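For reference, the structure discussed in these notes is given below.
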Amino acid sequence: MSAPLEVEPGASSAQPDAILEGVGKIEGRSLWQISWMRLKRDKIAIAGGIFVVFLMLVAIFAPLLCKLVGVTPNDFHQDLVDASLQTPIGKLGGISWDHPFGVEPVNGRDIFARIVYGARISLLIAFLATLLSVVIGVVMGIIAGYFGGWVDTLISRLMDIFLAFPLVLFALALVGAIPDSVLGLTGDPLRVALIVFIIGFFSWPYIGRIIRGQTLSLREREFVDAARSLGARRPYILFTELLPNLIAPILVYATLLIPTNVLFEAGLSYLGVGVRPPTASWGDMLSIAAKWYQVDPMYMVPPGLSIFITVLAFNLFGDGLRDALDPRSR
């Protein structure tokens, strides 16, 4: 037999306090905290989110910003336009310290001021249309997924009908048929409300399908069965048990839907069915710039870059948010 090892007294049992000394208090993290940690590591998504916040602040404080720069969106500056060519005087579309983005052909309106005010229209319509489509899509999707049967079949066929609808043609026809005053709304408020309704009301099936699929998987989970066994009513289960577990896909889809609506609003304004002049709109500015690109190509750059950077920033932030909330989607 081998001799036993010599062990010092008291060394056979570890001291928990000594082992954990210096480790500090260990705290658990919620799913939202873990998602925020993942999102912070995505520098590109954070950059996109910062630009989105910056653009929102620019749109909100557009009058103050234009006042600080000393420009207005609708004032004519005929002295800055060549009388014979109707193009801005100077290089690069009349860019100067007083007009950092130059001036428009023919009338000499400041492009910087119109870009800033155009951001208000684009973001307002995009956010309101997204809100409308998300509300309708979530309600219809959660009802279809939870009840199933003929209710699911009816709502699913309704989604198919809306998805097959020629949205652009409908917008062109509806804007031309609407009178100048509806329910006390006239002018730009009527146009904004009409565009929000067209985009939001006919876009809800996209998020509706996503929420329906998520609800189909959640309705068989244990917490839903527990709520049913305790006698919970269906509205309570839908909006108290299921809806909080759908926040992540709703947020992700909303951030990805906003840039789509920005592009759609710009497209409608480009076709002449957006807000009416002289209200600034990025799509309307591009429509005018297309007629002058041969003699004043710089006029096309500010509105085109504004749309491109805005859509890119929202998409980058939306992709990062999706990866943070659902790492399996990578």
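Values below: every heavy atom of this structure, side chains too, minus hydrogens, waters and symmetry copies. Everything numeric in this text was worked out from a predicted model, so none of it was measured.
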Within-4.5 Å side-chain heavy-atom neighbours: I309 and F51: yes
Atom of H99, atom of L80 and distance for their closest heavy-atom approach: NE2-CD1, 3.3 Å
Linked, directly or transitively: Y206 and V135 (ILVMFWY side chains, under 4.5 Å): no
Donor-acceptor contact below 3.5 Å, side chain S122 vs main chain A119: no
R209 and D160 ion-paired at < 4.0 Å: yes
ILVMFWY network linking V116 to V53, side-chain heavy atoms under 4.5 angstrom: no
Within 6.0 Å of OH in Y293, more than 12 heavy atoms from elsewhere: no
ILVMFWY network linking L242 to L216, side-chain heavy atoms under 4.5 angstrom: no
Pairwise side-chain contact, Y117 with P63, heavy-atom cut-off 4.5 Å (strictly under): yes
Main-chain N/O of N74 paired with R109 side-chain donor or acceptor, under 3.5 Å: no
F162-F201 aromatic ring centre distance below 6.0 Å: yes
Nearest non-hydrogen partners of I211 and G137, listed with the distance: CB-O, 4.5 Å
From D296 atom CG to I288 atom CD1, the distance as rounded to the nearest 0.5 Å: 12.0 Å
CA sep, side-chain torsions, deciding dist, call: L321, L256, side-chain contact (heavy atoms from CB on, under 4.5 Å): CA-CA 10 Å; L321 187 62; L256 296 175; over 6 Å; no
Working for side-chain contact (heavy atoms from CB on, under 4.5 Å), residues L238 and L243: CA-CA 6 Å; L238 290 177; L243 186 59; over 6 Å; no
More than 12 heavy atoms of other groups within 6.0 Å of F223 CZ: yes
Side-chain donor/acceptor of S203 to backbone N/O of G200, under 3.5 Å: no
Heavy-atom side-chain proximity of L286 to M300 below 4.5 angstrom: yes
Neighbour count above 12 (heavy atom, 6.0 Å) for L57 CG: yes
R114 side chain vs M285 backbone, donor-acceptor pair below 3.5 Å: no
Side-chain touch V192/V275, heavy atoms, less than 4.5 angstrom: yes
Nearest heavy-atom neighbours spanning P105 and Y299: CD-CD2, 3.6 Å
Spacing of D110 atom CG and H77 atom NE2 [to the nearest 0.5 Å]: 7.0 Å
From CH2 (W204) to CG (L158), nearest 0.5 Å: 4.5 Å
Distance in Å, L263 CG paired with I258 CD1, rounded so as to fall on 0.5 Å steps: 12.5 Å
Any side-chain heavy-atom pair of I199 and S133 under 4.5 Å: no
Gap between atom CE of M159 and atom CD1 of I207 - 0.5 Å precision: 10.0 Å
Steps toward side chain to side chain donor-acceptor pair (under 3.5 Å) verdict (D75, T72): CA-CA 6 Å; D75 287 348; T72 53; 2.6 Å; yes
Cluster overlap I136 with I250, hydrophobic side-chain contacts below 4.5 Å: yes
Among L218, L246, I237, the one residue meeting side chain to side chain contact (heavy atoms under 4.5 Å, CB included) with I142: L246
Shortest non-hydrogen contact from V196 toward A129: CG1-N, 3.8 Å
Full working for side-chain contact (heavy atoms from CB on, under 4.5 Å) between L132 and L128: CA-CA 6 Å; L132 178 60; L128 291 180; over 6 Å; no
CA sep, side-chain torsions, deciding dist, call: I95, F101, side-chain contact (heavy atoms from CB on, under 4.5 Å): CA-CA 5 Å; I95 291 178; F101 288 177; 5.7 Å; no
Under 3.5 Å: donor-acceptor pair, side chain of S269, backbone of A266: no
Backbone of V311 reached by a side-chain donor or acceptor of N315 within 3.5 Å: yes
Residue pair L271 / V168, side-chain heavy-atom distance below 4.5 Å: yes
R228 atom CZ: more than 12 heavy-atom contacts under 6.0 Å: yes
Donor-acceptor contact below 3.5 Å, side chain T130 vs main chain A126: yes
Path from I115 to F308 over hydrophobic side-chain contacts below 4.5 Å: yes
Closest heavy-atom pair and its distance - R120, A62: CD-CB, 3.6 Å
Closest approach of P302 to M298 (non-hydrogen atoms, all atoms of both residues): CD-O, 3.0 Å
CZ/F54: more than 12 non-hydrogen atoms of other groups inside 6.0 Å: no
Exam field: side chain N245 to backbone E241, donor-acceptor pair closer than 3.5 Å: yes
Whether T310 side chain and S306 backbone form a donor-acceptor pair below 3.5 Å: yes
Beyond-backbone contact of V71 with D98, side-chain heavy atoms, under 4.5 angstrom: no
I195 CD1 to L124 CG distance, which is reported to the nearest 0.5 Å: 10.0 Å
Y270 side chain near D284 side chain, heavy-atom distance below 4.5 Å: no
